[in-house]
Undergrad: 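First, the structure itself, so that you have it in front of you.
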Amino acid sequence: MADGLYLGKVFDSKTEGLGDEFRLRASDLTTHGIVIGMTGSGKTGLSVCLIEEALRDGVPVIVIDPKGDMANLALAFPNLQPAEFRPWVDEDAAAREGKTPDQAAEAAAATWSKGLADWGITAGDVAAYAASRDIHIITPGSTAGVPLNLIESLDPPSAEVMADEEEFRDQIDGVVTALLGLISIKADPIESREYILLATLIDHAWRQKHALTLEALIGQVATPPIDKVGALPLDVVYPPSDRNKLMLSLNNLLASPLMAAWRQGEPADVDSWLRAPDGRPRATIVYTSHLDEDQRVFVTALILNKIVSWVRRQPGSSELRALLYMDEIFGYFPPTANPPTKKPLLTLLKQARAYGLGVLLSTQNPVDLDYRGLGNMGFWAIGRLQTTQDQARIRTGIESALADSDFASSFDDLIAGVQKRVFLIHDIHRKQPELVHSRFAMSYLRGPITRDELEGLVDKSGSGAPATPVVASTQTASAPTVAPTPIAAISTPPPLPAPLRARFLNQHGGNLARPHLYVKAAVRYKVGRSATPEQTHSIAFPIDPGVGPAEVLASTPLQVDEGQIGDAPPPGLTYGDLPSYVAVDGAKAIDRALRERLDDCFAIDLMYDPVTKTAAEPGESVDAFAYRLQHTPAAEAKRRALQTKIDTKRASVSDRKSEVSARGMEKWASLGTSILANIGLLSGKKKTVTGVGGVLSKQRMESTARNRVERLEDEVATLEEELARISDIDATRFETRSLKPAKTDVAIIRYDILWVT
């Protein structure tokens with residue numbers, strides 16, 4: 001084989017002719033690279049060709065594949081025969097072209113045979129390539145490929161990383177940020193108590209050379225091996241009751257059946273990803289297409305940190321020891337935000353060159369890439385770009401390269417020559433940029449491969465034997481083996497017009513999938529001056545093919561757990577009929593019916609308190625509603641005001657009672673004085689009675705004081721009754737009101753066709 005990686009041939013934009021072969025020295029990729037191009041530019045094809053050439057040159061490759069396209073690397077058919085292509089043809093596309101699947105397979109085989117021959121590649125070359133490399137497909141969170149144990153063990157990084165305090169901190173940051181992302185907690189290193197606690201616990205364990213399991217980490221959240229965070233006691237910074245909430249969230253992550261596949265499989269071992277047991281170079285494809293965005297970031301961040309640790313253990317090298325390829329970098333290395341993938345990527349771009357690891361990234365838009373990353377890349381392959389902003393981002397680098405060369409063309413001339421499969425390639429190790437037409441890929445580029453289709457591509461034995469592609473067509477989810485046993489045709493879900501999508505729910509099991517209209521909506525209810533909090537509902541209406549969409553919404557819906565819904569069709573199903581309006585009007589008829597009738601589907605009975613003019617929340621119990629009424633801010637304020645009045649009145653009662661006692665004593669003293677003054681009447685020495693008026697006056701004063709006490713006690717009793725009415729809600733006063741939300745209070749989030757078994 002000639003020296004260098006055969007990527008294509010030099011392209012003359014004026015004549016559109018092809019010139020000499022364009023070969024890239026493998027060592028040039030130690031300065032890293034970027035492949036840029038809009039959808040349809042041939043970006044995936046060029047990347048596949050580059051990876052194929054690296055493997056032919058004995059260089060192993062780790063591929064992070066968020067879209068499913070790079071699993072096509074497993075589809076290198078040694079004989080280029082129709083039978084090898086047949087399991088992979090798109091039967092629906094073939095039907096639209098008026099072909100049978102067998103005819104489509106014959107056409108694909110002919111296209112690939114001729115395409116490769118035009119670029120000087122024979123079936124023997126493809127067979128030699130297929131036998132010389134090993135394809136290893138890892139599926140974190142799934143057993144469709146080789147599962148990867150990422151959350152069961154959190155091993156400390158290499159000694160070299162731990163010796164570098166900044167790198168060590170970055171590794172902890174990546175792990176904690178990704179882990180919190182899985183439980184939907186924003187990881188703020190300054191404000192987030194969750195982040196600070198987990199980072200402190202992992203730091204404590206790793207510095208003692210202890211590996212942590214997720215189970216052990218959960219236990220440490222509840223009972224930490226530390227008693228201070230910073231300068232403050234742990235229980236002040238993060239009280240036990242609050243830590244329990246974090247513990248339960250992490251425990252749910254551990255206990256969920258959906259996370260079982262995350263706790264099994266092979267460990268994240270970079271060395272085993274580079275070579276098969278028999279020594280052949282490996283393309284390890286980390287397939288993340290089946291994951292949601294948070295899970296993809298979690299997986300990618302942990303793997304990048306593992307690669308950083310691996311790099312730091314390697315001796316220095318100027319040759320390309322291995323290649324890391326990330327397909328579609330959008331969201332992982334943005335210019336402003338800081339996802340947990342950004343720091344390890346930047347570290348690799350700055351440091352991996354010295355250890356022989358090349359990093360190759362792919363993106364549709366250069367503006368999605370941090371400028372520091374672009375500045376650390378020596379190889380640029382620029383395909384068709386969408387905007388002038390994208391061109392401006394790469395113009396400076398290309399014009400600088402042109403200024404240092406004798407090349408007569410300008411940037412505008414070069415970029416104008418870019419077309420499908422033609423790339424403007426700038427390599428700092430070459431004298432000048434060149435236009436290059438990418439060669440035909442040896443791998444069959446059939447488009448994204450679904451999780452269910454991976455089954456037959458994966459060797460789970462660990463033997464390193466070449467995988468044999470055995471998955472059925474793109475419209476099926478089974479993975480029967482290829483010849484000699486013929487593939488049995490199975491039913492496929494009926495095609496849907498955009499933007500409707502087919503989704504799948506296994507509720508009762510069975511082989512017959514019945515169509516339902518799946519609706520996710522946010523709903524709130526208004527009662528008087530109050531409104532309930534907005535709640536999200538996921539429901540599915542059985543679709544009767546004999547009635548219209550409005551009548552479908554009149555049926556009783558299923559309550560659906562959105563987390564149980566899948567996007568890939570399960571194998572071996574047959575499908576019920578869809579009504580004709582789905583094919584004729586598409587989503588229009590459904591959308592119209594939803595906007596006119598969906599509010600009727602959410603009619604409910606709610607409790608209503610006429611005293612406070614407050615409505616219960618949907619599903620709220622009588623006791624919970626009463627308790628909430630007792631503890632509204634208005635009720636609390638009124639309760640405090642009444643208690644203040646009661647306390648004041650009680651103080652007045654105490655004062656008046658003292659006055660009554662004093663007046664009584666005055667009365668009796670006056671009476672005694674009067675008796676002594678009139679004792680002479682008995683001996684005849686005194687003729688008139690004196691002092692009676694004073695006694696009567698004291699009597700009246702005592703009576704007045706006593707009346708004041710009674711009046712104040714009555715007022716206290718009245719205030720206490722009012723306080724009791726606020727504190728003890730009488731549930732018998734609640735009314736039941738039938739409510740349905742206003743049309744403006746029902747927000748449709750999404751709707752799809754759901755196939756339920």
Side-chain angles (χ1 to χ4, degrees), residues 1-10 20-33 35 42-63 65 69-80 84 112-113 115-137 273-285 317-325 327 356-360 362 379 381 421 423 425 427 429 436-445 457 459 464-469:
M1 187 177 72
D3 292 337
L5 312 183
Y6 176 31
L7 301 186
K9 294 182 179 180
V10 176
D20 295 335
E21 289 184 355
F22 182 90
R23 290 184 177 270
L24 181 73
R25 287 183 305 177
S27 60
D28 288 0
L29 290 175
T30 58
T31 53
H32 315 307
V35 181
K43 178 173 78 277
T44 299
L46 176 64
S47 299
V48 167
C49 289
L50 195 153
I51 292 170
E52 289 175 345
E53 290 296 319
L55 292 168
R56 292 176 84 187
D57 202 42
V59 176
V61 185
I62 297 173
V63 178
D65 183 16
D69 285 320
M70 303 311 293
N72 289 174
L73 284 162
L75 305 183
F77 304 130
N79 302 309
L80 298 177
E84 296 170 303
W112 242 255
S113 297
L116 290 170
D118 289 344
W119 291 88
I121 299 172
T122 66
D125 294 328
V126 178
Y129 159 71
S132 69
R133 94 294 189 243
D134 177 60
I135 302 295
H136 188 58
I137 302 178
W273 293 349
L274 300 181
R275 297 282 171 184
D278 59 9
R280 285 176 300 144
R282 233 177 196 172
T284 293
I285 301 169
S317 174
S318 60
E319 297 300 318
L320 185 65
R321 176 179 280 127
L323 181 66
L324 168 65
Y325 174 77
D327 190 38
L357 176 72
V359 179
L360 182 65
S362 170
F379 172 81
R421 292 184 59 196
F423 292 82
I425 289 186
D427 180 1
H429 304 281
V436 175
H437 193 302
S438 63
R439 69 162 173 80
F440 216 83
M442 289 184 284
S443 306
Y444 178 39
L445 305 181
L457 290 178
D459 171 30
T468 302

Undergrad: Could you report the tightest heavy-atom contact between V61 and A54, atom names first, then the distance?
TA: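 Shortest heavy-atom separation between V61 and A54 comes out as CG2-CB, 4.1 Å.
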
Undergrad: Are the side chain of R439 and the backbone N or O of Y6 linked by a donor-acceptor pair below 3.5 Å?
TA: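 Yes, the answer is positive, given that a donor and an acceptor are paired below the 3.5 Å cut-off.
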
Undergrad: Nearest heavy-atom pair of L357 and L324: which atoms, and what distance?
TA: CD1-N, 4.1 Å

Undergrad: Among residues at least two apart in sequence or on other chains, which ones pass ring-ring contact (aromatic ring centres under 6.0 Å, His included) with H437?
TA: W119

Undergrad: Which heavy atom of S27 sits nearest a heavy atom of S318, and at what distance?
TA: CB-O, 3.9 Å

Undergrad: Just jot down the side-chain contact (heavy atoms from CB on, under 4.5 Å) partners of A26, sequence neighbours excluded, or say none.
TA: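 Counting only residues at least two positions away or on another chain, A26 forms a side-chain contact (heavy atoms from CB on, under 4.5 Å) with L5, D57, L320.
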
Undergrad: Which atoms form the tightest heavy-atom contact between A130 and A76, and what is the distance?
TA: CB-O, 4.0 Å

Undergrad: Quick check for you: to the nearest 0.5 Å, what is the distance between L55 atom CG and R282 atom CZ?
TA: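 The CG atom of L55 sits 12.0 Å away from the CZ atom of R282.
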
Undergrad: Just how far is it from atom OG of S438 to atom NZ of K43, taken to the nearest 0.5 Å?
TA: 12.0 Å

Undergrad: Which distance, rounded to the nearest 0.5 Å, do you find between the CZ of F379 and the CG of L29?
TA: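 Output value for this atom pair is 6.5 Å.
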
Undergrad: Please test L24 against E53 for side chain to side chain contact (heavy atoms under 4.5 Å, CB included), starting from the C-alpha separation and ending with a verdict.
TA: CA-CA 10 Å; L24 181 73; E53 290 296 319; over 6 Å; no

Undergrad: Who pairs with D427 by side chain to side chain donor-acceptor pair (under 3.5 Å), at least two apart in sequence or on another chain?
TA: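 Scan of D427 (side chain to side chain donor-acceptor pair (under 3.5 Å), adjacent residues dropped) gives none.
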
Undergrad: What distance do I121 atom CD1 and S113 atom OG have between them, rounded to the nearest 0.5 Å?
TA: 12.0 Å

Undergrad: Taking only residues two or more places apart in sequence, or in another chain, which ones meet N72 in a side chain to side chain donor-acceptor pair (under 3.5 Å)?
TA: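 Not a single residue meets the side chain to side chain donor-acceptor pair (under 3.5 Å) criterion with N72.
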
Undergrad: Using the test side chain to side chain donor-acceptor pair (under 3.5 Å), find all partners of T31 that sit at least two apart in sequence or belong to another chain.
TA: H429

Undergrad: For W273, is there any backbone N or O sitting under 3.5 Å from a side-chain donor or acceptor partner on T284?
TA: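 Present.
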
Undergrad: Report the distance from atom CG of D327 to atom CG of D65, rounding to the nearest 0.5 Å.
TA: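 If I round to the nearest 0.5 Å, the distance is 5.5 Å.
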
Undergrad: Please list, chain by chain and in numerical order, all residues satisfying side-chain contact (heavy atoms from CB on, under 4.5 Å) with N79, sequence neighbours excluded.
TA: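 If we apply the side-chain contact (heavy atoms from CB on, under 4.5 Å) test to N79, skipping adjacent residues, the hits are Q81, E84.
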
Undergrad: Report the residues that fulfil side-chain contact (heavy atoms from CB on, under 4.5 Å) with A441, sequence neighbours left out, ordered by chain and then residue number.
TA: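 For A441 the side-chain contact (heavy atoms from CB on, under 4.5 Å) partners, ignoring immediate neighbours, are V48, C49, E52, L445.
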
Undergrad: Quick one: list whatever passes side-chain contact (heavy atoms from CB on, under 4.5 Å) with R275, sequence neighbours left out.
TA: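 side-chain contact (heavy atoms from CB on, under 4.5 Å) check on R275 returns P60, P281.
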
Undergrad: Who pairs with S47 by side chain to side chain donor-acceptor pair (under 3.5 Å), at least two apart in sequence or on another chain?
TA: Y325

Undergrad: Run the numbers on L50 and V35 for side chain to side chain contact (heavy atoms under 4.5 Å, CB included), then give the verdict.
TA: CA-CA 11 Å; L50 195 153; V35 181; 5.6 Å; no

Undergrad: Step by step, would you call I62 with L274 a side chain to side chain contact (heavy atoms under 4.5 Å, CB included)?
TA: CA-CA 7 Å; I62 297 173; L274 300 181; 3.9 Å; yes

Undergrad: Residues in salt bridge (charged side-chain N to carboxylate O under 4.0 Å, His left out) with D69, at least two apart?
TA: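 D69 satisfies salt bridge (charged side-chain N to carboxylate O under 4.0 Å, His left out) with K67 once adjacent residues are dropped.
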
Undergrad: In chain order, what residues pass the salt bridge (charged side-chain N to carboxylate O under 4.0 Å, His left out) check against D125, with sequence neighbours excluded?
TA: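 Once residues adjacent in sequence are excluded, D125 has no partner under the salt bridge (charged side-chain N to carboxylate O under 4.0 Å, His left out) criterion.
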
Undergrad: Is the shortest heavy-atom distance from the side chain of R133 to the side chain of L73 under 4.5 Å?
TA: no

Undergrad: About how many Å separate CG of D28 and CZ of R23, when rounded to the nearest 0.5 Å?
TA: 14.0 Å

Undergrad: Which atoms form the tightest heavy-atom contact between D118 and K9, and what is the distance?
TA: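 Smallest heavy-atom distance, with atoms named: O-NZ, 4.4 Å.
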
Undergrad: Output all residues satisfying ring-ring contact (aromatic ring centres under 6.0 Å, His included) with Y444, sequence neighbours left out; order by chain, then residue number.
TA: F85, W112

